[in-house]
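Within every chain, numbering begins at 1; the chains are lettered A, B, ... in the order of the sequence lines, protein sequences first and strands thereafter.
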There are 2 protein chains.
Amino acid sequence: MIKKAKITIKDVANAAGVSTQTVSRVLNNRPDVAPETRETVQSVIRELGYAPNIIARSLSSGRTNTIGVVGFGLEYYGPAKVLTGIEKKAAEYGYSVMLALLDKYDQEHIEKVLTQFIAQQVIGIIWAIPGFTDSMELVAQITDALEIPMALLNRPPVKKKLVLSVDNREGARLAVRHLQEQGYQHIGIITGPMSWWEAQERLAGWRETVGKSSNLHKLVFEGDWTVESGDCGFEALFNANPNLDAIFVSNDQMSLGVIQAANRNGLKIPENLGIVGFDNVPESKFYFPALTTVHQPARHLGGLAVIRLDQCIRHEYSEDCINDGENMVVPDLIVRRSSVREES
Amino acid sequence: MIKKAKITIKDVANAAGVSTQTVSRVLNNRPDVAPETRETVQSVIRELGYAPNIIARSLSSGRTNTIGVVGFGLEYYGPAKVLTGIEKKAAEYGYSVMLALLDKYDQEHIEKVLTQFIAQQVIGIIWAIPGFTDSMELVAQITDALEIPMALLNRPPVKKKLVLSVDNREGARLAVRHLQEQGYQHIGIITGPMSWWEAQERLAGWRETVGKSSNLHKLVFEGDWTVESGDCGFEALFNANPNLDAIFVSNDQMSLGVIQAANRNGLKIPENLGIVGFDNVPESKFYFPALTTVHQPARHLGGLAVIRLDQCIRHEYSEDCINDGENMVVPDLIVRRSSVREES
DNA sequence: CTGTTAGCGCATTCAC
DNA sequence: GTGAATGCGCTAACAG
């Protein structure tokens, strides 16, 4: 495969009979070019099939238009949707997206990814990794030193940092209030792993809403997001609370486990047991019964991260005026069969 | 936020009392540097926290280490896993990954993405988009003109092109043969949209295996990958074939629809109806009953794409010696409850 | 409005 | 082994 020598701005300039500078102006849509000159240059560009070398442009101008995205657990629905939202909005804003996936979450791997992005001269970074409370310090420490605009997703607010999150606590409140309105009285919770900030927030929202009781802890089971753990959670909660009549389950996969465990035990949903999940994965609509669940606007969150990051990059948004409220996206409740008792 | 002036190779050279070339040599692990000099330079690099500017390196050397990945439908399990496989292997091989997502599949959008990648000087491209037969021509035409190593995923073999696929046909054969071995006699199929090559291949594998019959077409229902269409497919197939006793369903989501339709109609799985799905999504293990399904090694496919692309880039693998067999990854059957009748 | 000069940070020649 | 010159393709700052 013989490569045609790449055509450069110089070739275009020669062919058009102008200087490279003029071509550069046309490429960058500068106003100070005579309309005819512009036309001529543009037609030459088209004829030659010229495409500017972004690498050279970046080196010369001292800035890239690449944002680095650090992702995690793409095989899950939420993270994949966040990434989709990021990419779409980035493309719209003219940014390229460089992707790095993290699976180990220690200093070595974090530094490696960040070093790579810095070497690539990314103009901003989106840290699309769930907040694990056990490594919060580590991330803060490393990113503090960074002098690149950075958006952190789904973790507790940090002073002077751009953090964007789904309002998990409010989502949990919505779920529990709905169950209460449906007449359920003893509402348990299956949480995610407590090392996840999101899991903690959902638990907090539940706790706020169910009210006080001396035996609240008996209503809590810590799962690990898997279907299996939902199944276990069902068994454990019922053993501890024979009069349990509803469960707020912190994600949809675990809800599936609960549904199946309930079926196995001859419990009717929603008559004997009300269930609300979290995520609104596409399948949840087709669980049996259809699952009431909290919809996370994950895609919107990703898009918003790009918008804010862009504002930071253009110095139109500073850490000093960060207001948590505007960087919280609010989930909403999708009511389906699993939590609605028939009128009798 | 005051930016420290970026430190360059020059700063390192000055601080170490050597020339920039020597630093460059150390950076690139060239052999022709005195051990002591190397040590000195390395310690200076560490002290200053210097990180090489990859942009400058790329311009100077005339090659990047960036591969462009064009993706589609990340919110689905398969594509997300493929992307994960690509990223992991790319990182291992020292490539950066630039990601672009396509949702519209017309000439304009395709060209836009490709133009962007070329401008970014990517050294190779992975086209991780399902083969839609209605736009096969378009892609071929556009990529033919491209003089960049390129891997195409999950589409029909093209002469002189690097194409990597899951062996969908073999996957379907495995599924149908298994059903036959379990004693099922009348095996229908719910396909994906026939505009997808993967759907066609699964259909072909089914057809090869079920044997001849004059009324084969009555055993086929075209779905659209959604749970809903699985439900519809169940109804349609049973109306057309009262003696149907098994269905090969072309993905797991549709299988869920079938399972629920069967439950609703009082049909027992696997006693009255055997089901085999395709994909092996994590939930399929917890469907009720647990779903027998064809596991796609999607992650492996992504990794293999990087390996082959790397070989092409290094000219160790040429289009002339492409052998389809070695670029087909073979799925395997995960046998669970939904297709295994108890011995009586 | 347009051209000239300079330099981005690094790697690739070649000298020494 | 090491250093000096040169240029990658482009844009910024000036001059005209």
Has [X] got a side-chain N or O lying under 4.0 Å from the OP1 or OP2 atom of [N]?
{"X": "T20(B)", "N": "dC10(C)", "answer": "no"}
{"X": "N28(B)", "N": "dA11(C)", "answer": "yes"}
{"X": "R57(B)", "N": "dG9(C)", "answer": "no"}
{"X": "T22(A)", "N": "dT2(C)", "answer": "no"}
{"X": "Y50(A)", "N": "dG9(D)", "answer": "no"}

Between [options], spot the one nearest the side chain of [X], thanks.
{"X": "R25(B)", "options": "dC10(C), dG3(D), dT11(D)", "value": "dG3(D)"}
{"X": "S60(B)", "options": "dG7(D), dT2(C), dC10(D)", "value": "dG7(D)"}
{"X": "Q21(A)", "options": "dA11(C), dT2(D), dT11(D)", "value": "dT11(D)"}

NA contact type, [X], heavy-atom cut-off 4.0 Å: base, sugar-phosphate, or nothing?
{"X": "R30(A)", "value": "sugar-phosphate"}
{"X": "D32(B)", "value": "base"}
{"X": "T37(A)", "value": "sugar-phosphate"}
{"X": "V23(B)", "value": "nothing"}

Rounded distance (Å) that lies between atom [atom2] of [N] and atom [atom1] of [X]:
{"X": "I7(A)", "N": "dG9(D)", "atom1": "CD1", "atom2": "C1'", "result": "13 Å"}
{"X": "K10(B)", "N": "dA11(C)", "atom1": "NZ", "atom2": "P", "result": "15 Å"}
{"X": "L59(B)", "N": "dC8(D)", "atom1": "CG", "atom2": "C1'", "result": "4 Å"}
{"X": "N53(A)", "N": "dC8(D)", "atom1": "CG", "atom2": "C1'", "result": "9 Å"}
{"X": "R63(A)", "N": "dG7(C)", "atom1": "CZ", "atom2": "P", "result": "23 Å"}
{"X": "I118(B)", "N": "dG9(D)", "atom1": "CD1", "atom2": "C1'", "result": "17 Å"}
{"X": "N14(B)", "N": "dG3(D)", "atom1": "CG", "atom2": "P", "result": "11 Å"}
{"X": "Q120(A)", "N": "dC10(C)", "atom1": "CD", "atom2": "C1'", "result": "14 Å"}

So how far is it from K161(A) NZ to R155(A) CZ, rounded to the nearest 0.5 Å? 11.0 Å

Drop me the distance from H300(A)'s NE2 to I307(A)'s CD1, to the nearest 0.5 angstrom. 6.5 Å

Can you give me the closest heavy-atom contact between G71(A) and I129(A), atom names plus distance? O-CD1, 3.6 Å

So which heavy atom on Y95(A) is nearest to which on I313(A), and how close? OH-CD1, 3.7 Å

In terms of side-chain geometry, is the basic nitrogen of D103(B) or K88(A) positioned less than 4.0 Å from the acidic oxygen of its partner? yes

For the backbone of V97(B) and the side chain of T66(B), can you confirm whether one donor and one acceptor N or O come within less than 3.5 Å of each other? no

DNA chain D: S61(B) or S19(B), which has the more 5' nearest nucleotide? S19(B)

